[in-house]
Amino acid sequence: MQADLLPFIDWKHYPRQIISPQDRIITAGDPTDVLFLLEYGMALASNAALHNQIQPNDKAKVSTDNEMIYRTGALLSLLEMLSLDVYRHDVLAYEKCWVVGIHRNDIKTMWDRDSQLAWPLSRSIAATITQRRQIRFLM
């Protein structure tokens, strides 16, 4: 899903931030009203909710035992943005990062142009995945 989303968004028209190493890009509890693209750099997120889960083969996003590693081109916490009201995990800059933010309503508007089902279906799938990961983590 992540790679499929990138071509539909003209990222050059959205604000950028430069985040220093060890600074937070996303703080757990922040509202999920903005999706972040890691335009350049590497960032880390807590992997507690994803422990022992099979991860997709995505070069921009790598799961280890203790953390999720995001690399250039990754969409940070995409499933959380689609399925939750607040982010569940912190995402910290591991090195200097260039981050682009796009408001959730802008994404919804873009997806609605192609299909009125794209947004609700994406949110439903993301919610199911997020819920299953949480249930497996609690077991």
Side-chain angles (χ1 to χ4, degrees):
M1 179 193 294
Q2 185 164 303
D4 295 338
L5 180 63
L6 293 174
F8 294 108
I9 299 174
D10 185 4
W11 292 97
K12 65 184 174 201
H13 296 294
Y14 292 95
R16 278 141 173 81
Q17 297 176 333
I18 297 175
I19 311 293
S20 299
Q22 304 305 314
D23 282 353
R24 292 179 197 273
I25 300 169
I26 296 172
T27 301
D30 281 352
T32 55
D33 57 351
V34 176
L35 174 64
F36 297 96
L37 167 69
L38 185 58
E39 190 172 47
Y40 177 81
M42 187 164 68
L44 305 174
S46 165
N47 196 25
L50 302 174
H51 188 68
N52 293 328
Q53 300 295 309
I54 297 172
Q55 298 298 314
N57 187 11
D58 185 344
K59 293 178 183 177
K61 185 170 67 171
V62 178
S63 178
T64 68
D65 286 342
N66 299 317
E67 59 204 8
M68 178 75 69
I69 301 170
Y70 294 104
R71 295 191 177 116
T72 298
L75 296 171
L76 306 179
S77 302
L78 175 62
L79 291 176
E80 291 182 18
M81 187 281 298
L82 286 170
S83 63
L84 303 172
D85 293 327
V86 295
Y87 284 105
R88 195 179 282 171
H89 300 96
D90 293 334
V91 177
L92 297 136
Y94 179 76
E95 59 189 22
K96 189 175 184 178
C97 293
W98 283 260
V99 179
V100 182
I102 181 171
H103 199 276
R104 179 201 313 227
N105 289 334
D106 292 340
I107 296 169
K108 180 184 181 311
T109 300
M110 285 180 231
W111 285 358
D112 283 347
R113 277 187 224 136
D114 292 330
S115 169
Q116 293 294 314
L117 291 176
W119 182 253
L121 184 59
S122 296
R123 293 202 65 197
S124 177
I125 292 168
T128 299
I129 293 168
T130 301
Q131 184 178 26
R132 286 185 183 169
R133 286 180 176 171
Q134 184 64 23
I135 289 169
R136 288 180 185 157
F137 174 70
L138 294 174
M139 292 180 156

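Nothing fancy with the numbering, it's 1 onward along the sequence. The structure displayed is predicted, hence computed values, not measured ones.
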- [ ] Please report the closest heavy-atom contact between Met81 and Val34, naming both atoms and the distance.
- [x] CG-O, 4.0 Å
- [ ] With rounding to the nearest 0.5 Å, note down the distance linking NE2 in His103 to CG in Asp33.
- [x] 4.5 Å
Task: Interatomic spacing from NE2 in His13 to CG in Asp106 - rounded to 0.5 Å - done: 12.0 Å
Task: Between CG on residue Leu82 and CD on residue Glu80, distance to nearest 0.5 Å - done: 10.5 Å
TODO: Supply the atom-to-atom distance Gln131 CD to Leu84 CG, rounded to the nearest 0.5 angstrom.
DONE: 10.5 Å
- [ ] Using atom types as modelled and distance alone, determine if a side-chain donor or acceptor of Asp90 lies under 3.5 Å from a backbone N or O of Ala28.
- [x] yes
TODO: Using modelled atom types only, decide if a donor and an acceptor are shared between the side chain of Ser83 and the backbone of Arg123 within a distance under 3.5 Å.
DONE: no
Task: Criterion side chain to side chain contact (heavy atoms under 4.5 Å, CB included) against Tyr70, the qualifying member of Ile25, Leu75, Val91, Leu44 - done: Val91
TODO: Working to the nearest 0.5 Å, report the span between CG of Leu92 and SG of Cys97.
DONE: 9.5 Å
Task: Trp98 and Tyr40 aromatic ring geometry - parallel, tilted or perpendicular at 30°/60° bounds - done: perpendicular
TODO: Work out which heavy atom in Thr32 is nearest to a heavy atom in Val86; give both atom names and the distance.
DONE: CG2-C, 3.3 Å
- [ ] Without swapping roles, check the side chain of Ser122 against the backbone of Ala118 for a donor-acceptor pair under 3.5 Å.
- [x] yes
TODO: Check whether more than 12 heavy atoms from other residues, nucleotides or ligands sit under 6.0 Å from atom CG of Asn105, and answer yes or no.
DONE: yes
Open item on the list: Measuring from atom CH2 of Trp119 to atom CE of Met110, what distance do you get when rounded to the nearest 0.5 angstrom?
Closed with: 10.0 Å
TODO: For the pair Arg24 and Asp30, evaluate side chain to side chain contact (heavy atoms under 4.5 Å, CB included) and give the outcome as yes or no after the intermediate values.
DONE: CA-CA 11 Å; Arg24 292 179 197 273; Asp30 281 352; over 6 Å; no
Task: Minimum-distance pair of heavy atoms, taken over all atoms of Ser20 and Ala93 - done: O-CB, 3.4 Å
Open item on the list: Given 3.5 Å as the limit, does a donor-acceptor pair link the side chain of Arg71 with the main chain of Met42, or not?
Closed with: no
- [ ] Can you spot which of Ile18, Ile19, Leu37 makes a side chain to side chain contact (heavy atoms under 4.5 Å, CB included) with Val99?
- [x] Ile19
